[in-house]
Amino acid sequence: ERHGIIPPTTQLENMPDENKYPNRRTHQLEARKLSLLFLDAIDAAFDKWKVGIQTDGSPLADKYWHIGDAYNRVREAVRTFQKPNYQSPCEKMMKELSMVCHLEMHGNTEWTPRVKPYMNSLVSLLNDMQVVNREHNIVYDSIDLLPLEWKVPPDQVDPHLIAISTSVPPRPSQYKSMDNFETKSAGGTDSDTTTSIDSTDTEKAKKESKGNDRQRKKARNRQLRTKKKDKIVTGKGWMLYNPILGFCDGSAQSTCGRDESSDCLMAGHNDNTGGILGDDLSGWLWLRVPAVKEGLIFARFETNLEASTDQITEGWKEVNGNHEKRRRMNLPDDFVFEYAINDEIKKSFSKDEFLEWGISVADGMELYPLLVNKDMEKQKHADTEFDVTIRIHSNQTRAATLLLTHLYYA
């Protein structure tokens with residue numbers, strides 16, 4: 001209980017499913033075993049540093065404590081590794097795209113936790129388009145007060161205090177409260193909240209966004225034209241699916257999942273799986289992928305959601321809610337996936353072709369190669385931005401839904 005805060009939803013007496021998880025004693029035992037391991041490593045480091053100061057003087061030289069050189073050596077070894085008549089498990093899995101196993105990949109997702117909640121999100125890639133987020137309210141945003149019986153005695157070490165000790169000021173969060181969202185109607189109801197591309201996570205993100213203002217203004221409201229003379233118009237029916245409120249970076253400072261529907265506000269659970277959701281009526285989802293150097297862009301989708309999950313297109317009869325006449329094509333029945341890179345529609349896939357196109361890297365984890373340009377890897381181009389647009393078709397309109405959860409690139 002917190003003074004002055006009355007949760008809208010009745011709180012549980014105990015943590016849900018607490019019997020399924022290790023208890024406090026188990027966690028304490030595992031923590032102490034890990035602590036002994038790290039203490040032993042620190043003791044060895046001190047011995048090494050002592051020798052370093054005796055050899056090279058004070059202050060301690062970088063080579064004795066900085067891992068930058070070691071990291072670069074490992075990364076270069078992975079990039080250049082070759083062995084005759086041998087394929088690593090990664091290379092066997094990726095087959096003709098085995099170059100992925102030797103590259104530094106980057107990624108954006110709506111899953112949490114994320115190290116930088118906004119900058120690592122899919123929302124940050126939206127190219128001057130908007131996705132609708134159903135309105136949620138945060139109950140409180142201050143730190144949690146622990147029960148008095150959890151107080152660490154004066155003669156014992158407080159690991160939580162050590163974990164949160166930092167000289168770095170707290171970072172503002174795009175998802176801390178809905179006040180940071182620009183409220184507009186995008187084909188849905190007046191209570192919908194529209195997430196714009198403006199970055200509010202960090203000052204760095206703001207500066208990067210300002211640096212691209214000129215390009216963004218040129219791109220705003222433009223219509224890309226393809227070889228087929230088909231217009232790619234920014235969609236209005238995409239929505240954030242299963243979003244989570246709060247600063248969810250997985251750290252001890254996170255404040256996550258404190259929305260009005262929560263029945264356990266103090267749980268602080270960071271694990272959440274969301275995405276950007278659309279259907280046949282949603283139009284084009286338009287993303288701008290930055291810093292592509294090796295010519296690779298992969299996406300992860302989920303296709304097992306229930307029909308009519310996209311609340312934004314409810315009641316719509318045409319693409320973008322009567323803002324665009326629906327294209328009639330001789331398409332196969334049911335699901336069709338279509339995507340474009342920059343000014344060119346690459347391909348349309350039927351349902352069977354789409355599922356076969358994906359590369360299975362783990363159970364429930366299929367990656368779809370949207371861009372594979374091996375020439376970029378060979379020519380060592382500077383970082384390049386790519387516009388990626390996707391949409392789906394179905395004769396059953398809202399019955400076919402597609403959820404984008406991850407985008408990877410190199």
Side-chain angles (χ1 to χ4, degrees), residues 31 33-94 97-109 113-121 124 159 162-171 201-205 207-208 211 249-253 289-298 361 367 373-385 406-410:
K33 288 192 294 185
L34 288 173
S35 297
L36 288 173
L37 177 64
F38 278 95
L39 287 172
D40 185 65
I42 292 172
D43 185 59
F46 283 151
D47 290 338
K48 182 176 181 180
W49 292 353
K50 180 180 178 180
V51 173
I53 292 176
Q54 292 173 345
T55 304
D56 297 326
S58 182
L60 184 67
D62 287 355
K63 64 182 180 180
Y64 292 104
W65 66 273
H66 203 283
I67 64 171
D69 290 340
Y71 175 78
N72 288 334
R73 286 196 300 270
V74 171
R75 183 168 58 179
E76 188 61 22
V78 171
R79 173 184 284 273
T80 59
F81 175 78
Q82 286 185 345
K83 186 176 180 180
N85 302 319
Y86 174 80
Q87 278 189 315
S88 69
C90 175
E91 290 172 326
K92 292 178 181 178
M93 177 177 62
M94 298 305 294
L97 299 178
S98 61
M99 75 283 288
V100 171
C101 305
H102 302 277
L103 299 176
E104 179 184 359
M105 301 294 293
H106 305 273
N108 292 68
T109 180
R114 297 190 297 270
V115 175
K116 298 177 181 178
Y118 176 77
M119 294 180 68
N120 299 140
S121 69
S124 69
I162 296 173
I164 66 174
S165 295
T166 177
S167 60
V168 180
R171 296 169 291 179
D201 183 45
T202 62
E203 288 300 321
K204 179 180 178 181
K207 291 178 182 179
E208 291 175 352
D249 69 340
S251 71
Q253 297 97 326
V289 185
V292 177
K293 190 173 183 177
E294 308 288 349
L296 297 175
I297 300 177
F298 294 82
V361 297
L367 297 181
N373 186 342
K374 296 182 180 180
D375 291 336
M376 286 188 65
E377 180 187 3
K378 296 177 182 178
Q379 297 170 9
K380 303 299 180 185
H381 284 287
D383 294 352
T384 306
E385 286 188 337
H406 299 72
L407 203 69
Y408 300 99
Y409 59 94

Leu296 vs Met376, side chain to side chain contact (heavy atoms under 4.5 Å, CB included): CA-CA, chis, key distance, verdict:
CA-CA 9 Å; Leu296 297 175; Met376 286 188 65; over 6 Å; no

In Å, rounded to the nearest 0.5 Å, how long is the span from [atom1] of [X] to [atom2] of [Y]?
{"X": "Leu37", "Y": "Ile42", "atom1": "CG", "atom2": "CD1", "answer": "10.0 Å"}
{"X": "Tyr409", "Y": "Met105", "atom1": "OH", "atom2": "CE", "answer": "10.0 Å"}
{"X": "Lys48", "Y": "Thr55", "atom1": "NZ", "atom2": "OG1", "answer": "11.5 Å"}
{"X": "Leu60", "Y": "Trp65", "atom1": "CG", "atom2": "CH2", "answer": "8.5 Å"}
{"X": "Ile297", "Y": "Asn373", "atom1": "CD1", "atom2": "CG", "answer": "10.0 Å"}

Minimum heavy-atom separation for [X] to [Y], with atom names?
{"X": "Met119", "Y": "Ser124", "answer": "O-OG, 3.5 Å"}
{"X": "Tyr64", "Y": "Trp49", "answer": "O-NE1, 3.1 Å"}
{"X": "Pro113", "Y": "Asp249", "answer": "CB-C, 3.6 Å"}
{"X": "Asp56", "Y": "Ala61", "answer": "OD2-CB, 4.5 Å"}

Donor-acceptor pair, side chain of [X] and main chain of [Y], under 3.5 angstrom:
{"X": "Asn120", "Y": "Gly107", "value": "no"}
{"X": "Ser35", "Y": "Ala31", "value": "yes"}
{"X": "Asn108", "Y": "Ser121", "value": "yes"}

Do [X] and [Y] come within less than 4.5 Å of each other through their side chains, counting heavy atoms only?
{"X": "His102", "Y": "Val100", "value": "no"}
{"X": "Arg114", "Y": "Thr109", "value": "yes"}
{"X": "Glu385", "Y": "Val289", "value": "no"}
{"X": "Ser98", "Y": "Gln87", "value": "no"}

Test side chain to side chain contact (heavy atoms under 4.5 Å, CB included) on Met99 and Lys374 and set out the steps.
CA-CA 9 Å; Met99 75 283 288; Lys374 296 182 180 180; 3.2 Å; yes

Near Ile67 CD1, under 6.0 Å, is it more than 12 heavy atoms from other residues, nucleotides or ligands?
no

Result for side chain to side chain contact (heavy atoms under 4.5 Å, CB included) between Glu104 and one of Glu294, Arg75, Arg79 points to Arg75

Less than 4.0 angstrom from a charged side-chain N to a carboxylate O is my criterion; do Lys83 and Glu91 meet it?
no

